[in-house]
Amino acid sequence: MNRYLGIEFGSTRIKAVAIDEAFQPVQSGDYTWASSYENGVWTYSLEEVWAGLKTALRNLGEVEGLSAMGVSAMMHGYLAFDRDWNLLVPFRTWQNTITGPAAAELTALFRFNIPQRWSIAHLYQAILNDEPHVKDIAHITTLAGYVHHALTGVNALGIGEASGMFPIDSAALDYDQAMLDKFDDLIAGKGYPWRIRDILPGVLLAGEDAGTLTEAGSALLDGLLPAGIPVAPPEGDAGTGMAATNSVAPRTGNVSAGTSIFSMVVLEKPLSRVYPELDLVTTPTGSPVAMVHCNNCTNDMNAWVGALKETVELFGGSVSTGELYTKLYEKSLEGDPDCGGVLVYNYLAGEGVTHLDKGRPLVVRRPDSRFTLANFLRAQLYSTMSTLKIGMDLLAREQVAIDRLTGHGGLFKTPVVGQKYMAAACNAPVTCMETAGEGGPYGMALLAAYRANRAQGETLEDFLSNKVFAGVAGTTLQPDAEDVAGFDRFLTRYKAGLAVEQKASETL
């Protein structure tokens, strides 16, 4: 009996999922946490990283026959350490939109889009800010890379996660050497005692040896996992989402929707130009991927669900949070296809695709809008994917072919609803598998299984298609013409109203 463990540090939960030899989830445990806004920076404490992971593992229970494991986490951001792995400044997460000047300058220098949340943008912004810690840097990495190193002693990332730190050359399957040289030349006058390659983690492909859980790593976990377990290369939630949805081959894509929302489409050819709204990253095996990443997805809906739960309790009622989500999602289906003129902006944080540095959640309507519960809820759910749609339209302009789009994450947990709206938004069939709600930790468990089981010369694409997903049940919804037209009307109003969101962020 073999088991494979996937761990993911998501934005709202630290989750551990164990899968069996048939690659089906058999155990799970989690820990709820949230980022904090401190001194103008969204962050998490490293103490809570370890406390939360141990809680998730305790909730998972003992896993018999654990043959391999892997760690994944929210992508990118900035963790800087000295040579003894002491943290130099608090963790700067992907939510931050504080690196605009650095991202713009590097994009122009590299002729390659550098988003604000990428690690190299955070590093260069720290340099532009003359932050004193920069001279002491010996290592920069991501959250997944930090945890992996602490558990294994190996300072490396899976190539998909590495591609959100610094641009990757998909032919060399390593960081782009020409861009590394340009960066070193750019900062040469600063006199730092390091070169950029020296402080970046190594790059590994899916299936490669990324070390084993050491005695020290096991002790960090209070012995909840025994030393000696083989560990897969650590990935971000983008790479694990591709694995979880069998979307690593060209012309396939997936949408991961939870606290943030992003789509990943594996490309057949390069894009014709640089788009600041599109990230170019890679699959866990290094193939080029176009990514539309949006900082905001379900957080605003989560807040409204909490308020509505309080309303139920005000009248002496009691309802589980899960049941309330299901009822509210299903109620939204009664709304008008264009939400009756009701607009929602779900921006708690800034949003790169729409070029907003700050967010202010808004509900906006005209006096003649049909403001019903169903229309409000439908507008809430439309808002979770409207910014994504703006980015996806750029891929359509580039004539990027997508044969299959697979949805996963919390937005798709309630059957039909999120899937139906996403099909309307993208005007494409959307498939959800039975494991749609498991998302990243399930994908990381699959990458751990590939690390342990791949046959000689077997590609990740073949492993997923022939061994994991062959015969797996899933449902596909075609876009409904009335929904497509309604979403388009909603989006036209949504784009026109972005000026209101901009003004709100400036004045409130």
* To do: Over 60° means perpendicular and under 30° means parallel, so classify the ring planes of Trp33 and Phe9, tilted if in between.
  => tilted
* To do: Could you check whether the rings of Trp194 and Tyr192 sit parallel, tilted or perpendicular, using 30° and 60° as the cut-offs?
  => parallel
* Would you check if there is a donor-acceptor pair between the side chains of Asn453 and Tyr4 at a distance under 3.5 Å? => yes
* Asked: Do Glu235 and Ser72 have a side chain donor and acceptor closer than 3.5 Å?
  -> no
[X] side chain near [Y] side chain, heavy-atom distance below 4.5 Å:
X: Met392; Y: Leu388; result: yes
X: Ile19; Y: Gln27; result: no
X: Phe376; Y: Leu328; result: no
X: Trp50; Y: Val147; result: yes

* Asked: Would you say Lys135 has more than 12 foreign heavy atoms packed within less than 6.0 Å of its NZ?
  -> yes
* Given Tyr37, Trp94, Tyr78, the one that forms ring-ring contact (aromatic ring centres under 6.0 Å, His included) with Trp42 -> Tyr37
* Asp357 side chain vs Gly350 backbone, donor-acceptor pair below 3.5 Å -> no
* Identify the residue among Lys15, Met69, Met444 that makes a side-chain contact (heavy atoms from CB on, under 4.5 Å) with Ile7. => Met69
* **Closest non-hydrogen atom pair, Phe110 against Pro167** => CD1-CG, 4.4 Å
* Asked: If you take all heavy atoms of Phe91 and Thr43, which pair is closest and at what distance?
  -> O-OG1, 2.6 Å
* Quick one: which residue pairs count as a side-chain hydrogen bond (donor to acceptor under 3.5 Å, both in side chains) with a foot in residues 208-218, not counting sequence neighbours? => Asp209-Arg451
Taking only distance into account, with no hydrogens and no angle test, what donor-acceptor pairs under 3.5 Å do side-chain atoms of residues 114-121 form with protein atoms, sequence neighbours excluded?
| unit_1 | atom_1 | unit_2 | atom_2 | d |
| --- | --- | --- | --- | --- |
| Gln116 | OE1 | Ile98 | N | 3.3 |
| Gln116 | OE1 | Thr99 | N | 2.9 |
| Gln116 | OE1 | Gly100 | N | 3.1 |
| Arg117 | NE | His76 | ND1 | 3.1 |
| Arg117 | NH1 | Asp279 | OD2 | 3.3 |
| Arg117 | NH2 | Asp279 | OD2 | 2.0 |
| Ser119 | OG | Gly77 | O | 2.6 |

